[in-house]
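Beneath this line is the structure, given in structure tokens, with notes to follow.
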Amino acid sequence: IPSQPLYFNTETQQTVLDVNQLQNKAAIAPRYAILYNHDDCRAIEVNYFQVWGFNSAASVGPTFNAAGNGAYTVNILNEVAFENVAAAQATGTAHIQSLEVNLRRRDGAGGMIQWISGFRWLEWGQGLSVSDYAYVAGDPTADPPIDPIINPEQIRVTTLNNLYGWQWGGDMMLWNTGRWLRINGIGKAGVYYNHQASQNTYYTDFQQPATVAAASNDTVSFVGETGVNCSWALTNWLSWRAGYSFFWLSGMAVPANQLKLTDLASGTTSVNTNGSVFIHGLTTGLEARW
């Protein structure tokens, strides 16, 4: 996750909480694929996967300055600075799902590369929630005594990207021992229509009516996927598969890029689609052939 400062120390001006501290933990989810070999050279593939539950959290404080006030300043929404923040917490969520239908073609029955071309739909959704409270010390010696002032606030931003487009790529055999072991590398990429890439921003200080603003925009995005897979034959029809995959998404609406776009006074906003996402992870499962 790219850097985007959320809070800094009022006296030293050093960042104490940054969006890139919200590195999502690993999540597990299913992936399904079916491939029909029409002949030795041509095949049709349908592939679907979804991963929900990319969750993360980071916090700072409580910390106070010499006067007993909160020691942090938040500068998130439309350059509006909120001072005397004593403690803050940020949480992140994300999900991805993808459906693709590909045609595969090999140049000859013994060719080492299957060329891939097909339609893909991909959805990337992400959320960022930031909550804090400001603390201003009171004066119990005053007449009358002055109580401390505690003001909480919460900011929540969600984004959603729906990508539709055509991809091209190849699946290359890297090592083949015959029956027992096969290792292949795969790469796919495409330019996509990102339909109604959207963001929703919610802000409340729990005293005034909440501000809710939303915006959407059609844009062009890019998706690249690469990885390595290994298949180990367990029987003449069943194999165990394992691999590692990498995804790069660009031209995306992501929450951190929306933080400075909302005008609290008018409740208006826009959407930034210049973000990018990098995802990687292990895949493992079974492959049956009939």
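One is the number of the first residue; the rest follow in order along the sequence.
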| field | Closest non-hydrogen atom pair, Leu282 against Gly243 | value |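 Answer, listing the atom of Leu282 first, then Gly243: CD1-O, 3.0 Å.
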| What pair of heavy atoms forms the shortest contact from Ala58 to Leu22, and how long is it? | N-CD2, 3.5 Å
Calculate, to the nearest 0.5 Å, the distance between atoms [atom1] and [atom2] belonging to [X] and [Y] respectively.
{"X": "Gln167", "Y": "Ile116", "atom1": "CD", "atom2": "CD1", "value": "7.5 Å"}
{"X": "Ile44", "Y": "Leu35", "atom1": "CD1", "atom2": "CG", "value": "9.0 Å"}
{"X": "Gln207", "Y": "Thr204", "atom1": "CD", "atom2": "OG1", "value": "9.0 Å"}
{"X": "Asp171", "Y": "Met173", "atom1": "CG", "atom2": "CE", "value": "7.0 Å"}
{"X": "Ile113", "Y": "Asn184", "atom1": "CD1", "atom2": "CG", "value": "11.5 Å"}
{"X": "Ser198", "Y": "Asn161", "atom1": "OG", "atom2": "CG", "value": "7.5 Å"}

| task | Kindly indicate, with the supporting measurements, whether the criterion side-chain hydrogen bond (donor to acceptor under 3.5 Å, both in side chains) is fulfilled by Gln4 and Asp18. | result | CA-CA 6 Å; Gln4 172 64 55; Asp18 195 294; over 6 Å; no
Is there a path of hydrophobic side-chain contacts, each under 4.5 Å between heavy atoms of I/L/V/M/F/W/Y residues, joining [Y] to [X]?
{"X": "Trp232", "Y": "Leu174", "result": "yes"}
{"X": "Leu128", "Y": "Leu264", "result": "yes"}
{"X": "Leu103", "Y": "Phe119", "result": "no"}
{"X": "Val277", "Y": "Tyr192", "result": "yes"}
{"X": "Ile186", "Y": "Val223", "result": "no"}

| With under 30° as parallel and over 60° as perpendicular, where do the rings of Tyr164 and Trp121 fit, or are they tilted in between? | tilted
Side-chain donor or acceptor of [X] paired with backbone N/O of [Y] under 3.5 Å:
{"X": "Arg104", "Y": "Ala43", "answer": "no"}
{"X": "Asn69", "Y": "Ala137", "answer": "yes"}
{"X": "Asn9", "Y": "Tyr72", "answer": "no"}

Within 6.0 Å of [atom1] in [X], more than 12 heavy atoms from elsewhere:
{"X": "Gln13", "atom1": "CD", "result": "yes"}
{"X": "Trp115", "atom1": "CH2", "result": "no"}
{"X": "Ile28", "atom1": "CD1", "result": "no"}
{"X": "Arg31", "atom1": "CZ", "result": "yes"}

| request: Any pair with a residue in residues 23-50 that passes ring-ring contact (aromatic ring centres under 6.0 Å, His included), sequence neighbours left out, goes on the list, sorted by first then second residue, please. | output: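 Checked against ring-ring contact (aromatic ring centres under 6.0 Å, His included) - neighbours excluded - the pairs reaching residues 23-50 are Phe49-Phe247.
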Indicate whether the side chain of [X] and that of [Y] have a donor and an acceptor atom separated by less than 3.5 Å.
{"X": "Glu100", "Y": "Asn102", "answer": "yes"}
{"X": "Thr226", "Y": "Trp248", "answer": "no"}
{"X": "Thr283", "Y": "Arg241", "answer": "no"}

| Which one of Thr269, Thr159, Asn272 satisfies the side-chain hydrogen bond (donor to acceptor under 3.5 Å, both in side chains) criterion with Gln199? | Thr269
| Pick from Glu123, Gln50, Gln126: which one makes a side-chain hydrogen bond (donor to acceptor under 3.5 Å, both in side chains) with His95? |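 Output: one option passes, namely Glu123.
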Using a 4.5 Å cut-off on heavy atoms from C-beta on, say whether the side chain of [Y] contacts that of [X].
{"X": "Gln196", "Y": "Asp218", "value": "yes"}
{"X": "Ser98", "Y": "Arg120", "value": "yes"}
{"X": "Leu122", "Y": "Leu249", "value": "yes"}
{"X": "Gln258", "Y": "Val271", "value": "yes"}
{"X": "Val228", "Y": "Tyr244", "value": "no"}
{"X": "Trp124", "Y": "Ile279", "value": "yes"}
{"X": "Leu6", "Y": "Gln21", "value": "no"}
{"X": "Val136", "Y": "Asn151", "value": "no"}

| Under the side-chain hydrogen bond (donor to acceptor under 3.5 Å, both in side chains) criterion, do Ser129 and Arg156 qualify, and how do the steps go? | CA-CA 4 Å; Ser129 180; Arg156 186 168 62 248; 5.3 Å; no
| query | By the rule that ILVMFWY residues connect when side-chain heavy atoms come within less than 4.5 angstrom, directly or transitively, which residues belong alongside Leu160? | reply |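 For Leu160, no cluster forms, as it stays isolated from other hydrophobic side chains.
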| remark: Per side-chain contact (heavy atoms from CB on, under 4.5 Å), Tyr7 is matched among Asn75, Val130, Thr15 by Val130
